[in-house]
Amino acid sequence: MTASSLPRHVGIIMDGNGRWAQLRNRPRLEGHRAGADSVRDITRAARQLGIEALTLYAFSSQNWARPAEEVAGLMHLLREFLIDERAEIMDNGIRLEALGDIEKLPPFVREPLDELRAASRGNSSMVLTLALSYGGRESIAKAACAAARDIAAGILRFEDLSAERLGGYLPTATLPQLDLLIRTSGEQRVSNFMLWEIAYAELVFVDVLWPEFRREHLYRCLEQYAARERRFGMTSAQIAESSDV
Ligand code: FPP
């Protein structure tokens, strides 16, 4: 795979933890725990490959409605991850970021999260973004509110609010454009993840439960991505012409 066929930004919907546990007659939380091991392997592999940005859907705005025990267990897992992986994230020059309603997270998650975000701010080998209490629609609504506020304050003219401008209000505006979205577990939907950002992303659905997803599966997804022709609304001939120059 050449550097140009490598996606700059990969997003992953990490699905199937519950089913993985259920298949083993184990509590759902064990599936999430095993899923955290996949997070470690995929983060390492992505950095080693030279992917610039990896965004993981770790907890959706809608996941708060899950049984309280599962929500609490996931929060503890997140805290554990942030504490245990701190050294590796720092040693490998990874910048940690977060997307979503972070203020809704309990302080015992928010504190190590904020601390690591601040400590890793200057790192540049890869940006690892955790989508936490995140929803794509919620994110777009927030961006629209922020733009409306700027219009009301006279900072932005109503007629200048283009798609590009609105995109600038999204929390993902500083990340490279999303190139590849992967969803594990065989489900083929986007479940409110990066709705704006997937506009021209390639979608790959993998029939593997997240706790079993390892770097070999990521490599296969990247091969599929490299074999796709991205046209961004243009024709094949136009794309061929522009890559000739
Ligand atoms: C979806 O599987 C997964 C989640 C809601 C949580 C994802 C969390 C982790 C992978 C572990 C912790 C994360 C980090 C960053 C350390 P599901 O429970 O909906 O699976 P199911 O569809 O089989 O029930």
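When reading the values below, keep in mind they use all heavy atoms of this one structure, side chains included, and skip hydrogens, waters and symmetry mates.
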S.K.: Indicate yes or no for a side-chain donor-acceptor contact from T172 to the backbone of L175 under 3.5 Å, with no hydrogens or angles considered.
M.R.: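 It does not hold such a pair.
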S.K.: I need the R110 CZ to K104 NZ distance, nearest 0.5 Å.
M.R.: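 Reported to 0.5 Å precision, the distance equals 12.5 Å.
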S.K.: Given L74 and N63, is the side-chain contact (heavy atoms from CB on, under 4.5 Å) satisfied, shown in steps?
M.R.: CA-CA 10 Å; L74 273 167; N63 285 155; 5.6 Å; no
S.K.: Under 4.5 Å between any side-chain heavy atoms of L116 and E85, yes or no?
M.R.: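 No; the side chains remain at least 4.5 Å from each other.
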S.K.: Are D15 and R19 close enough for a salt bridge, meaning some N to O gap below 4.0 Å?
M.R.: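 Looking at R19 together with D15, the answer is yes, because their closest N to O distance falls below 4.0 Å.
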S.K.: Tell me the side-chain hydrogen bond (donor to acceptor under 3.5 Å, both in side chains) pairs involving residues 44-55, sequence neighbours left out?
M.R.: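 Sorted pair list: R8-E52, H9-T55, R44-E88, R47-N92, Q48-R215.
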S.K.: Ignoring hydrogens and angles, tell me if any N or O in the side chain of R214 forms a donor-acceptor pair with the backbone of P211 under 3.5 Å.
M.R.: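 Side chain of R214 to backbone of P211: a pair is present.
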S.K.: Flag the pair E69 and R28 as a salt bridge only when some basic side-chain nitrogen lies within less than 4.0 angstrom of an acidic carboxylate oxygen.
M.R.: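 No, E69 and R28 are not salt-bridged.
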S.K.: Can a donor-acceptor pair be found, under 3.5 Å and without considering hydrogens, that links the side chain of S61 to the backbone of Y134?
M.R.: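 Checking the backbone N and O of Y134 against the side chain of S61, a donor-acceptor pair under 3.5 Å is found.
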S.K.: Is the shortest side-chain N to carboxylate O distance from E187 to R189 below 4.0 Å?
M.R.: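 Judged by the 4.0 Å cut-off on N to carboxylate O distance, E187 and R189 do form a salt bridge.
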S.K.: Evaluate the side-chain contact (heavy atoms from CB on, under 4.5 Å) criterion for residues L132 and L105: first the C-alpha distance (whole Å), next the side-chain angles of each, then the deciding distance (0.1 Å), finally the verdict.
M.R.: CA-CA 8 Å; L132 296 165; L105 299 172; 4.0 Å; yes
S.K.: Apply the side-chain contact (heavy atoms from CB on, under 4.5 Å) test between F213 and each candidate in D37, D41, I182, V39; give the one that qualifies.
M.R.: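 One option only clears the test, and that one is I182.
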S.K.: Would you say that P7 contacts L222 through its side chain, given a criterion of any heavy-atom pair below 4.5 Å between the two side chains?
M.R.: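 SC-SC contact between P7 and L222 confirmed.
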S.K.: Start with the C-alpha gap between R183 and S191, add the side-chain angles, then the distance that decides, and say whether side chain to side chain donor-acceptor pair (under 3.5 Å) holds.
M.R.: CA-CA 10 Å; R183 182 177 187 139; S191 300; 2.8 Å; yes
S.K.: So, for P112 and L82, which heavy atoms are closest and what is the spacing to 0.1 Å?
M.R.: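 For P112 and L82, the tightest heavy-atom pair comes out as CB-CB, 4.1 Å.
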S.K.: Give the C-alpha distance, both sets of side-chain angles, the deciding distance and a yes or no for side-chain contact (heavy atoms from CB on, under 4.5 Å) between E202 and D179.
M.R.: CA-CA 6 Å; E202 294 297 324; D179 294 314; over 6 Å; no
S.K.: Are Y225 and L203 connected, step by step, through hydrophobic side chains (Ile, Leu, Val, Met, Phe, Trp, Tyr) whose heavy atoms are closer than 4.5 Å?
M.R.: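 No, Y225 and L203 fall in different hydrophobic clusters.
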S.K.: Which atom names give the shortest non-hydrogen contact between I51 and M126, and what distance separates them?
M.R.: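 Here I51 and M126 meet closest at O-CG, 3.3 Å.
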S.K.: Backbone N or O of E97 within a donor-acceptor pair of the R117 side chain at under 3.5 Å?
M.R.: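 Not at all, since once roles are kept as given, no pair shorter than 3.5 Å links the two residues.
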S.K.: Check for me, please, whether F59 and L99 land in the same ILVMFWY cluster - side-chain distances under 4.5 Å, paths through other members count.
M.R.: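 Each belongs to a different hydrophobic cluster.
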S.K.: To the nearest 0.5 Å, what is the distance between SG (C221) and CD1 (I12)?
M.R.: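 If I round to the nearest 0.5 Å, the distance is 7.5 Å.
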S.K.: Over all heavy atoms of both residues, which pair between L113 and A98 is shortest? Give the atoms and the distance, please.
M.R.: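 For L113 versus A98, the nearest heavy atoms are CD2-CB, 4.0 Å.
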S.K.: I need the E229 CD to M234 CE distance, nearest 0.5 Å.
M.R.: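 That separation rounds to 10.0 Å.
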S.K.: Donor-acceptor pair, distance only, cut-off 3.5 Å: does the side chain of N123 make one with the backbone of I94?
M.R.: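 It does hold such a pair.
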S.K.: Mark yes when over 12 heavy atoms from residues, nucleotides or ligands other than F158 sit less than 6.0 Å from its CZ; otherwise mark no.
M.R.: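 No - once you tally the heavy atoms of other residues, nucleotides and ligands closer than 6.0 Å, there are 12 at most.
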S.K.: Check for me whether R66 meets the cation-pi criterion with W64, that is, NZ or CZ under 6.0 Å from the six-membered ring centre and within 45 degrees of the ring axis.
M.R.: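 No cation-pi geometry.
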S.K.: Grab the two heavy atoms, one from P176 and one from A53, that are nearest each other, plus how far apart they are.
M.R.: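 Looks like CD-CB, 3.9 Å.
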S.K.: Around E164, counting heavy atoms of other residues, nucleotides and ligands shown, do more than 12 lie under 6.0 Å from its CD?
M.R.: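 For E164, atom CD is not crowded (no more than 12 foreign heavy atoms under 6.0 Å).
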S.K.: Would you call E159 and R165 a salt bridge, taking side-chain N to carboxylate O under 4.0 Å as the test?
M.R.: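 Answer for the salt bridge query: no.
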S.K.: Would a hydrophobic clustering, with Ile, Leu, Val, Met, Phe, Trp and Tyr connected at side-chain separations under 4.5 Å, put I13 with I198?
M.R.: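 Yes, I13 connects to I198 through the hydrophobic network.
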S.K.: Please find the pair of heavy atoms, one from L78 and one from A58, that lie closest to each other, and give the distance.
M.R.: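 Nearest pair, atom of L78 first, then A58: CD2-CB, 4.4 Å.
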S.K.: Crowded around F108 CZ? As in, over 12 foreign heavy atoms under 6.0 Å?
M.R.: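 Counting neighbours around CZ of F108, more than 12 heavy atoms of other residues, nucleotides or ligands fall under 6.0 Å, so yes.
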S.K.: Do T129 and L54 have side-chain heavy atoms sitting under 4.5 Å apart?
M.R.: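 No; the side chains remain at least 4.5 Å from each other.
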S.K.: Between S120 and L96, is there a donor-acceptor pair closer than 3.5 Å when you use the side chain of the first and the backbone of the second?
M.R.: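 At least one qualifying donor-acceptor pair exists.
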S.K.: Are E111 and R79 side-chain neighbours, meaning at least one heavy-atom pair lies under 4.5 Å?
M.R.: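 When only atoms from C-beta onward are counted, R79 and E111 do not touch, as no gap falls below 4.5 Å.
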S.K.: Does any N or O in the side chain of R40 come within less than 3.5 Å of the main-chain N or O of F81, such that one atom is a donor and the other an acceptor?
M.R.: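 Between the backbone of F81 and the side chain of R40 there is no qualifying donor-acceptor contact (under 3.5 Å).
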S.K.: Rounded to the nearest 0.5 Å, how far apart are CG of D150 and CG of L156?
M.R.: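 Going from the CG atom of D150 to the CG atom of L156 covers 6.0 Å.
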S.K.: V204 and R228: side-chain contact (heavy atoms from CB on, under 4.5 Å), yes or no, with the steps?
M.R.: CA-CA 11 Å; V204 172; R228 302 242 182 119; 3.6 Å; yes
S.K.: Are Y200 and L178 packed together at the side-chain level, in the sense that at least one heavy-atom pair is separated by less than 4.5 angstrom?
M.R.: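 Side chain of Y200 against side chain of L178, heavy atoms only: no contact under 4.5 Å found.
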S.K.: Under 3.5 Å, side chain of S38 to main-chain N/O of W210, donor-acceptor pair present?
M.R.: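 Yes; at least one donor-acceptor contact below 3.5 Å.
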S.K.: Are L209 and L56 connected in a single hydrophobic cluster, I mean Ile/Leu/Val/Met/Phe/Trp/Tyr linked by side-chain heavy atoms less than 4.5 Å apart?
M.R.: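 No, L56 does not connect to L209 through the hydrophobic network.
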S.K.: State plainly whether one hydrophobic cluster holds both F193 and F205, where clusters connect Ile, Leu, Val, Met, Phe, Trp and Tyr through side-chain heavy atoms under 4.5 angstrom apart.
M.R.: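 F193 and F205: one cluster.
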S.K.: Go through the steps for N192 and E138 under the test side chain to side chain donor-acceptor pair (under 3.5 Å), then give the verdict.
M.R.: CA-CA 9 Å; N192 206 16; E138 288 79 355; 3.0 Å; yes
S.K.: Check whether any side-chain N or O of R24 sits under 3.5 Å from a backbone N or O of W20 as a donor-acceptor pair, and report yes or no.
M.R.: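 Yes; at least one donor-acceptor contact below 3.5 Å.
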S.K.: Do you know the tightest heavy-atom contact between L218 and A46?
M.R.: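 Looking at all heavy atoms of both residues, the closest pair is CD2-N, 4.4 Å.
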S.K.: Show your working on side chain to side chain donor-acceptor pair (under 3.5 Å) between H217 and E212 and close with a plain yes or no.
M.R.: CA-CA 9 Å; H217 301 105; E212 283 165 357; over 6 Å; no
